[in-house]
Every structure is written in C-alpha cells, then in structure tokens.
Amino acid sequence: MMEENRNLIVVFSVALYMVLCIAVGIWALRRTRSTRDFFMAGRDLGIFVTALAVFSSTLSGFGFVGGPGLVYRMGVSSLWMVVPAGIGYSCSFFLLAKRLRMFGELRDSVSLPDAVAARYGSESSRFLTAVAILLGVIGYLATQILAMAYVLRDILLNAGWESIGRLDVCVTVSCAVLVFYCVTGGIVASVYTDVVQGSIMMVAAVLVFFAAVQAVDGGISGAVTTIMQDDPEAIGPWGTLGMMGCLSWYFLFTLGGAGQPHIITKLMMNRRVADARQILPVTLAGYTLAALLWISIGIAMRALVIQGAHDPLPNADAAAPQFLQAYAHPILSGVVFAGLFAAIMSTADGFLNIGTAAIVHDIPKALGFSAPKRELFWARLVTVFVAVGAALFALYSDQSLVALLGAFGWGTFAAALVPAVAIGFNWKRANAMAANAAIVSGVAINFAFQHPKLNMPYGIDAGAFALIVSLTLFFGISFATPQRRIDPDIEAVMDL
Amino acid sequence: MKISSITFGLLFALLAVVAGAWLVGPPEDAPSSAIAHPTIQHMTAGGPGAAKHAKVFPLGVAFGVLEIIFFSVCLALGASRKERVGRIGIAIAIGAVLHVASFLAIAISYRAYLNGHDALYFGLPAPTAFMMYGIWWVPMYFVLLYLFTFDRYVFSDADLQKFNEILDRRDRREGIDV
C-alpha cells in the first residue's frame, strides 16, 4: 500500500516541510526586531545551530542532485569536491572563525562587506565586495529558484497533478514560501531551517547509503568491480576527468569555502568567539555524513546502469530522483525529497539575505548614504523584490544566461573573496588596493572563462586558476605598495 | 622566512605548473580529459589513463604536493600572531607531511593500477582507497589539532580578556557606558 502511495507520500513530505518553514518564519518574526537580528541573528547562535547552518549552507541542492549526478557521469572525479571537507573547513576556521567573529563584534557588522570595510578602512573595498556578492547572488538565486520549481513540478507530475504541475505555478508556490519566512524571520528563519535541513540530510544520508549498498548486486565491491570492468579510470582516483582537473577541484574546494559569503557570514553569528572550537568538528561531522548520500547514489546508479539493471538516465541529474523512486522505501524517499527541497531553500534563503544586505546596507553605505530610518522595513521590502526579481529572471530570461550566472558561483566567490577576506584578515601588509584588485580579477577571470572558446588544459578548473591568479595579484600588490595604517582596534584584534 | 613570502613563492610555483600544463600540450593518441562513454549517454569515460597522463603526470604530482603545502601554510597563517607561528607550527608541519604522504601514495599506487594491479582494499582499488581513506581522513588531524589546542594556541582566556579590553576602549571612546 505504501508503494502505491509513494508519490503521495513524497508530496505530503514536501508540503509538511513547507508548512514547517512557514511556522519557523512566524516564530522567527518575534525574534527579529532589528537589522542586527535580520542579518546577523543578533550574534546569538549556539554551537549546534551554527555548525548545522555552516554545513547546510555548503551543501545546497547540489549535495542531493548535482553531486550524485556528477558521480554518475564522471565516476570518482567529483569526489575531489567532497574529500577537501576536512582540510577545507580547517582552513576556513583557522583563517576566519576567530578574526571574522571579533571584527563583527568590534564594529557591530551586519554583513561581510562591513567586516571588509572595517579591516581595510576602505569604502571602495566595501563596495566591490558588495557588488561581487550581488552578482553571485543573482545567478545563484535564479538557479536555486529554478531548481526548486523543477523538483516540485516533477513531484506533482509524478503524483498525477498535471493541472498544477506547471513551471510558473511551481516557481510561484516555492518562491512564496521562501519569501514568507525570509521576510518575517530574516537570517534567523534561514538558520533554523538550515538546522532542519541539516538534520534531515544526516539521517537520510545514512539510510540512503545502506539502501544503495543493497540495491547493487554485490554491494559496494560489486558496484566497484562493475565500474572497473567497464572503465578502470572511472573508479580510479581521478575518475574520468583526469589528474589535473581533479587536483584543481581539490584546490578550489579546499580554499574556496573561505570565500563563500553565505557560509562564512555564519561565522559572525555565534554567541562566543570560543564556540568556534566545537563548531568545526560538528560541522565536519554533519558534512561527512551528508556526503555519504552523494557518493553512494552516484556510484550505485552508475553500476546499476552498466549492469543493465536500470535504464540509462535521461540526464545525469536524474540519478538521485530515479534512485529514490526505484530503490528507496517510500517514506525514505519522501524524507529525502523533503530534504532536497530543504537544501535548495536553505541556500536560496542565505543568498537572499546577503543580497538584501548588499542592496539595503552595504552599497548605500559605500556610496556615502546613511542607513535609512526604518532599515528593517526596507530590508524586508527589498527581500521581496530580490526574490521576485530572481524568479522572473529565472523564468523569462535566456536560459543560457541563467546557467552562466549560476556557474559563476563557487569559483567566482572563491577568487574574489579568499584573498581579501581569508588572507587579508590575517596579514597586516595587505591593503585595500590589493583587496580591490583581487576582487575585480576574480570576477573578471571567471566571467572570461565562460566564453566557450576559452578552455584550460587537461580539465583544470577555471575557477581554481582564477583563485591562484587573484591570490598572486593580492600578495604582489601588497608587497609592491607601501603598508597602510590600520585602525588601532583592528590591528589589536589581528594581533590576538 | 615570513609566511607571506613562502605563500607568494608557492603561488608562483602553482602558476608555473599550470603554465607547464599548457606548454606540454595535449597527450598523443588520448583525450586530455573526460570523453563520452561509448555506449551510455550522459556518462563519460576516462580513456587510456597511461597515455592521458603521460605528459602531465610529473606536473600533477608537483601540483598536488604544492597545493597541500599551500593549505598547510594557510593554516599556519591563521594560527600565527604577528606573523609568528609558535609551536603549533610544528604540529601543522607534521600534518602536512602526513597529508603529502597520502597524496604520494595515491600517485605511486596509481602507476601500479595502470599496470593492472586492481586488487580491492576496503572495497576500492588501491589508489582510490588512498584517496578516500587517506586524503579525506588524514586532514581530520587538523580538526583535532584545532579542537585540542584551541585554548592554548588559537584563542586563550588571555586573548578573551584582551579582546574585552579592546571593546571597553571602543565603548569609552564612543561614550557608551561601560
């Protein structure tokens, strides 16, 4: 009976999650009384909440759909995005957890550009950081909204509800829920839905892992042997991409985390500086568990298709949805689909919040305007406009432009912000000119490499190349120009 | 030598490796990256691994070693105070050695894998096992380092006191009642 009602169970699970988001939004409304609450959760988050928010922000819908799809398509190659977790989070925490948190409290910062301006004493650095964030947000948000809508549409169509299984309806419904809890609860709602999402992901990933092992003839060894016999490179350490491509991903996904604004902004929100000590291992534990889903579904589906036990997929991103339909218990399937929705929404809400901060707070401040009188009201209003704007952009723009801006994301943030933020917050010789050059070059190089005729050799990721170049420029300009005076309080914090 | 100078040098070395990949040109009689799977749509294949990596394998090994050292230097930068690392630098260096060793194990066992040594270890061929159980897990060392040395080397009670004094100075300057 459960199998017959599989699709209804999935619809119900997703609907339940949406109701939960609305409830969190209403609860968070009472906790959101200022822009500090709206953008920084009052700098009052506990260890567990911060840790789950950090790892959930790292894994968007990519962790549920894109990741398994990449493993299906390329074999072990994409795991070079997963294995950096330990070293990557370590780099982020060693470089940023302490100083970013202290800068935030010292200057009562409500955004990353605020912290950058405090470090460099430069409104131009604030402005460029905000613009880089906004460019990334537009692309990321549009693709996340589309992803939510596609998932919802497929769920409704599978349940036989063709009348409402239209893309524009699904965009409207999913956006409406997103906007509601983001407007009412700001980052507080975002963070607590991250907690729900992270919890679902951890539990679901372990259950999916066991389901994947059982689905393939011979378990893990059987899957590995099948893939090896079909193509030894696919299960080798570099997958089908090759050594240089994989190692470039290792570089980008290790260091790049320290430049993702939707992730590192969370490091400004914990209650005490010393909480970072426990936040790191909890974050890593959550991420490691959640990554089991990514790895197991991808490997299982590749083996199942090669064995002939499952039809070839219509596209690589169908790996996870088809696995859940065919091999997971209906309730597990419902939980994971809800988790998928949660994953996409939690990344979207984080971007919505930092994009709003860039428009309402950072860019006006950089241009010399004082904060509007009712900043919280304007923050809520702009949240609506940004979400609606991104939704319209996603629905009615040239899809190649949406895809272009979506691909912009991780690599561009890494190249633009790792030098200025992760390195610059630890190195007194770094100055605003170097930071600005790194931000501009990071954005420009990543954009340039979207051109189809520009390719890196041996599959080397352009984002990794851009990161190396922007870091080199950052250090070079800092060494070549006179050291600037740093605000005494900032300098004192940098000495701690 | 200062951490910043070491980092700058490493960046030039990384750029040199990338430039090297351009200069050596694509492999002969093999794809330089993934190719379409011969029978299954939306899946890729790796092609002949030995030929694919023939020109670029030493560069790849250099790239891997350099980037691991770079990560470790970044950790040291984060742990430093006034560009001095202190004793935690020794612990970071030990972790770096272990990390590099894991990577070299992948590279060396990959050569054997290409020659047909495809036995499974904990369910995976040797180089992939070194990757999943080595490269993924060895850096947990740094997480444990952060956890167990935080109070001594990252943010001590004395640091907290100094930070509170900085905040108090700020409040007095801004006329806030301390």
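It should be emphasised that the depicted structure is a prediction, and the values quoted were computed from it without experimental measurement. So that the names make sense, note that chain A is the first sequence line, chain B the second, and so on, each numbered from 1.
For chain B, the option among R99(A), E105(A), M74(A), K428(A) with the highest count of heavy-atom pairs below 4.5 Å is E105(A). Among F148(B), F122(B), F103(B), Y141(B), the residue making the largest number of heavy-atom pairs under 4.5 Å with chain A is F103(B). Chain A forms more heavy-atom pairs under 4.5 Å with one residue of V56(B), I106(B), D159(B) than with any other, namely V56(B). If you tally non-hydrogen atom pairs under 4.5 Å between each of S221(A), P237(A), G86(A), C91(A) and chain B, the highest count goes to P237(A). Heavy-atom pairs under 4.5 Å with chain B were tallied for F474(A), Y89(A), Y72(A); the largest tally goes to Y72(A). Ranked by heavy-atom pairs shorter than 4.5 Å toward chain A, the options K82(B), E67(B), R81(B), M132(B) are led by E67(B). Options M494(A), M456(A), R272(A) differ in how many heavy-atom pairs under 4.5 Å they form with chain B, and the most are formed by M456(A). With chain A as the partner, the residue from L59(B), L14(B), I135(B) showing the most heavy-atom pairs under 4.5 Å is I135(B). With respect to chain A, the highest number of heavy-atom pairs below 4.5 Å among F150(B), Y146(B), F155(B), F142(B) belongs to Y146(B). Counting heavy-atom pairs closer than 4.5 Å to chain B, the top-ranked of the candidates A318(A), G219(A), G476(A), G239(A) is G476(A). Taking P281(A), G75(A), P232(A) one by one and counting their heavy-atom pairs under 4.5 Å with chain B, the maximum is reached by P232(A). When each of T128(B), T44(B), V24(B) is scored by its heavy-atom pairs under 4.5 Å with chain A, the top score falls to T44(B).
Residue F425(A): no heavy atom, backbone or side chain, is found under 4.5 Å from chain B. Using a 4.5 Å cut-off between heavy atoms, S109(B) makes no contact with chain A at all. Neither the backbone nor the side chain of P38(B) comes within contact range of chain A; no heavy atoms are under 4.5 Å apart. Neither the backbone nor the side chain of L144(B) comes within less than 4.5 Å of any heavy atom in chain A. In this structure, the portions of L241(A) lying under 4.5 Å from any heavy atom of chain B include both its backbone and its side chain. Contact annotation for P314(A): only backbone heavy atoms (N, CA, C, O) come within less than 4.5 Å of a heavy atom of chain B. In this structure, chain B has a heavy atom under 4.5 Å from the side chain of D231(A), while its backbone stays farther away. Contact annotation for L66(B): neither backbone nor side-chain heavy atoms come within less than 4.5 Å of a heavy atom of chain A. There is no contact between L96(A) and chain B, counting heavy-atom distances below 4.5 Å. For S248(A), the parts lying near chain B are the backbone and the side chain together; criterion is any non-hydrogen pair under 4.5 Å. For a residue to count as touching a neighbouring chain, one of its non-hydrogen atoms must lie under 4.5 Å from one of that chain's; by this rule A276(A) touches chain B with backbone and side chain alike. In this structure, chain A has a heavy atom under 4.5 Å from the side chain of I68(B), while its backbone stays farther away. In this structure, chain A has a heavy atom under 4.5 Å from the side chain of I40(B), while its backbone stays farther away. Interface remark: A234(A) contributes no atoms to any contact with chain B (heavy atom separation under 4.5 Å). Contact of L120(B) with chain A is made through the side chain alone, with heavy-atom distances under 4.5 Å. For L313(A), the part lying near chain B is the backbone, with the side chain staying farther off; criterion is any non-hydrogen pair under 4.5 Å. With a 4.5 Å cut-off on non-hydrogen atoms, D317(A) does not touch chain B at all. Residue contact with chain B, scored on non-hydrogen atoms closer than 4.5 Å, involves the side chain of V224(A) exclusively. Using a 4.5 Å cut-off between heavy atoms, W80(A) touches chain B through backbone and side chain atoms alike.
Ring pair F71(B)/F94(A): centre-to-centre distance not below 6.0 Å. Taking the six-membered ring for Trp and the full ring otherwise, F12(B) and F8(B) have centroids separated by under 6.0 Å. Taking the six-membered ring for Trp, W249(A) and F63(B) have ring centres at least 6.0 Å apart.
In summary, R173(B) and D489(A) engage in a salt bridge, as defined by a charged side-chain N under 4.0 Å from a carboxylate O.
No donor-acceptor pair closer than 3.5 Å links the side chain of S32(B) to the backbone N or O of P26(B). No donor-acceptor pair closer than 3.5 Å links the side chain of N115(B) to the backbone N or O of A112(B). Checked by atom type and distance alone, the side chain of T283(A) never pairs as donor or acceptor with a backbone atom of F55(A) at under 3.5 Å. At distances below 3.5 Å, at least one donor-acceptor pair connects side-chain atoms of R43(A) with backbone N or O atoms of G104(A). At least one donor-acceptor pair under 3.5 Å links the side chain of K98(A) to the backbone N or O of L496(A). In this structure, R101(A) contributes its side chain and N270(A) its backbone to a donor-acceptor pair below 3.5 Å. Between the side chain of K52(B) and the main chain of G46(B), a donor-acceptor pair closer than 3.5 Å is present. Side-chain atoms of T149(B) do not come within 3.5 Å of backbone N or O of R152(B) as any donor-acceptor pair. Counting only distance, with no hydrogens or angles, the side chain of H99(B) and the backbone of G95(B) share no donor-acceptor pair below 3.5 Å.
Using a 30° and 60° split on the angle between ring planes, F70(B) and F251(A) fall in the tilted class, from 30° to 60°.
A cation-pi arrangement is found for R111(B) relative to F57(B), the charged atom lying closer than 6.0 Å to the ring centre and inside a 45° cone about the ring normal.
Heavy-atom minimum distance, A258(A) versus S92(A): N-OG, 3.4 Å.
Considering only heavy atoms from C-beta on, H37(B) comes within 4.5 Å of D230(A) through its side chain.
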